[in-house]
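A short write-up of the structure that comes next.
FYI, side chains are in, hydrogens and waters are out, and symmetry mates aren't considered; it's all heavy atoms of this structure. Just so it is clear: chains get the letters A, B, ... in the order the sequence lines come, proteins before strands, and each one is counted from 1.
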There are 2 protein chains.
Amino acid sequence: MIHSKKTTKRDWVGSAGSHDHRVCIVDALDKAAALCSQRGARLTQIRRRVLELIWSNHRPIGAYSILEVLKKERTNAAPPTVYRALDFLLKQGLVHRIQSQNAFIGCPNPDPNLQHTGTFLICTDCGNAVELEETKIDRLLEISASNQGFVIESRTIEAAGLCTDCQVN
Amino acid sequence: MIHSKKTTKRDWVGSAGSHDHRVCIVDALDKAAALCSQRGARLTQIRRRVLELIWSNHRPIGAYSILEVLKKERTNAAPPTVYRALDFLLKQGLVHRIQSQNAFIGCPNPDPNLQHTGTFLICTDCGNAVELEETKIDRLLEISASNQGFVIESRTIEAAGLCTDCQVN
DNA sequence: TTATTAATTGTTATAGTATAACATTTATGA
DNA sequence: TCATAAATGTTATACTATAACAATTAATAA
């Protein structure tokens, strides 16, 4: 089987351009297994499979899209099956929720300790979402909040727009 | 009729503490009327009433909560009634969507020109949401994005936590 | 090992959020 | 006043998420 190496719109992830996505998937699953083991959390078959499906690509995926695929593999699969797995993955910080889309995306850098919340750039054309490592924004937001006497517990930062590859076209 | 002037949790808005909320409502409706007139947009009865209901307090309100009230006044009111009004108000920048709650909140400073997106502090205890005027966060986010070649079109920034009045209690 | 307990998954039902599609009415301008 | 566009009425349905209880599986202690 021959794979085209041409970069297409759909291949964009962050500023990295085309990439071998199999590596992303393997990395994510390896990190997940390691973290869960370290924490004594059980990455069951279902949970692992849901994580894998979320990592199908770099676009946020809805719970019912996950369910659609899962149903082909497990006749039993129902909404709670997916939502429970998502709850687990979210709690472990392996997955983030994209609020603006009621969808979910894999975290490429799950924190060994904390369950961080991400900062995302979401392309309105190709649909890919990139998580920024940026911490300055967080700090600035914290400062602005504390100026109002407000203490932040969690936050959502999502920017929609056009990624590099989708701008000219 | 005697009104208590005691500050309660529910009265908190931003760092302003207790306030006469009637002023908030009148201000919001006045600004809305002025802006719409200036733009040739029609602030119909329904739209005006929905805006007023959103301004009932400083907590984000869901579409179906609005509908519940509206139904008492208009037998006809149905989901599209509310969602159409919301679409209009959002487009005019008179209302913001709170993504983390699938809810809506009035904009205290609707931009005469642009339909800006807000930055919100949302108290998990009293439920009040405050819109920050902060522009530094926006700029920082834009810079981070452009470092990735990404051009932002719209964004969502919502922080959840405890407001001043709800921290000690 | 086996009994006990806790965690996970199965299953059904329903709550909550949002829009599609087409009919009717109301406002606006020619 | 007619023609057109905008707004609203109306019904149906799609999409997102959780409640509640049963059954099963895994972990732990006796």
Side-chain angles (χ1 to χ4, degrees), chain A residues 32-33 36-54 59-92 94-105 127 156 158, chain B residues 32-33 36-54 59-92 94-105 127 156 158:
Chain A
C36 286
S37 148
Q38 172 191 319
R39 289 169 182 165
R42 291 170 54 201
L43 188 63
T44 61
Q45 272 213 329
I46 294 181
R47 291 165 175 174
R48 191 190 136 92
R49 181 63 178 134
V50 168
L51 181 60
E52 192 178 25
L53 289 174
I54 290 173
R59 293 190 287 282
I61 184 173
Y64 280 78
S65 297
I66 296 170
L67 178 57
E68 211 175 314
V69 180
L70 209 60
K71 264 183 174 166
K72 293 175 189 163
E73 306 165 0
R74 310 184 140 253
T75 328
N76 290 336
T81 314
V82 173
Y83 280 103
R84 284 166 181 159
L86 287 171
D87 284 346
F88 173 87
L89 297 170
L90 287 167
K91 195 187 291 183
Q92 298 299 327
L94 301 170
V95 158
H96 291 297
R97 184 189 181 88
I98 300 296
Q99 300 279 12
S100 56
Q101 298 186 12
N102 290 329
F104 305 86
I105 193 164
T156 296
E158 296 168 15
Chain B
C36 286
S37 149
Q38 172 191 317
R39 289 169 182 166
R42 292 169 54 199
L43 188 63
T44 62
Q45 273 214 327
I46 294 180
R47 290 164 176 176
R48 192 190 136 90
R49 181 62 179 137
V50 168
L51 180 60
E52 193 177 25
L53 289 175
I54 289 173
R59 292 190 287 280
I61 184 173
Y64 280 75
S65 297
I66 296 170
L67 179 56
E68 211 175 314
V69 181
L70 208 60
K71 264 183 174 165
K72 294 175 187 163
E73 305 165 1
R74 309 185 141 253
T75 328
N76 288 337
T81 313
V82 173
Y83 280 103
R84 283 163 181 162
L86 287 171
D87 284 346
F88 173 86
L89 296 169
L90 287 167
K91 195 186 292 182
Q92 298 300 326
L94 300 170
V95 159
H96 292 296
R97 184 187 181 90
I98 300 297
Q99 301 279 12
S100 55
Q101 298 186 13
N102 290 329
F104 305 87
I105 193 165
T156 296
E158 295 168 17

Gap between atoms CZ and P, on B:R49 and D:dT8 respectively (whole Å): 15 Å

Here's a test of your reading of the structure: between A:A103 and B:P80, which maps to the more 5' nucleotide of DNA chain D? B:P80

Let me know the distance between CD of A:Q92 and C1' of C:dA7, rounded to the nearest Å. 14 Å

With centres under 5.5 Å and planes under 30° as the test, does B:Y64 stack with C:dT17? yes

Whole-Å distance, A:L86 CG to D:dT16 C1', equals 12 Å

Is there side-chain contact between B:Q99 and A:E158, with heavy atoms separated by less than 4.5 Å? no

Please give, in whole Å, the distance from D:dA6 P to B:I46 CD1? 17 Å

Heavy-atom pair with the smallest gap, counting every atom of A:P60 and A:G127: CD-O, 3.4 Å

Using atom names, set out every protein N or O paired with an N or O of nucleotides 22-30 of chain C below 3.5 Å, distance rounded to 0.1 Å.
none

With the threshold set at under 4.0 Å for non-hydrogen atoms, list the residues of residues 68-77 of chain B touching DNA chain D in residue-number order. B:R74, B:N76

Round to the nearest Å and state the distance from A:Q45 atom CD to D:dA26 atom C1'. 14 Å

Do you know the tightest heavy-atom contact between B:Y64 and B:P79? OH-CG, 3.5 Å

Name each donor-acceptor pair under 3.5 Å that joins a side chain in residues 42-53 of chain A to protein atoms two or more places apart or in another chain, with its distance.
residue : atom : partner : partner atom : Å
A:T44   : OG1  : A:R47   : N            : 3.4
A:R47   : NH1  : A:R42   : O            : 2.7
A:R49   : NE   : A:E73   : OE1          : 2.9
A:R49   : NE   : A:E73   : OE2          : 3.2
A:R49   : NH1  : A:E52   : OE1          : 2.9
A:R49   : NH2  : A:E73   : OE2          : 2.5

Less than 4.5 Å apart, any side-chain heavy atom of A:I66 and any of A:L86? yes

Once you round it to whole Å, what is the distance between C1' of C:dT9 and CZ of A:F88? 14 Å

Go through C:dT9, D:dA19, C:dT19 for me and flag the one nearest to the A:R47 side chain. C:dT9

Could you give the distance from NZ (B:K71) to CG (B:N76), rounded to the nearest 0.5 Å? 11.5 Å

Quick check: closest heavy atoms across A:F104 and A:I54, and the distance to 0.1 Å? O-CG2, 4.1 Å

Which nucleotide, C:dT8, D:dT18, D:dT16, lies nearest any side-chain atom of A:N102? D:dT16

Closest non-hydrogen atom pair between A:C36 and A:L94, with its separation: SG-CD1, 4.1 Å

A:Q101 CD to C:dT19 P: how many Å, rounded? 14 Å

Atom OH of B:Y83 and atom P of D:dA12: how far apart are they, to the nearest Å? 19 Å

Choose from C:dT19, D:dT18, D:dT16 the nucleotide whose nearest atom is closest to any side-chain atom of B:P79. C:dT19

Is there a donor-acceptor pair closer than 3.5 Å between any side-chain N or O of A:R39 and the backbone N or O of A:Q92? yes

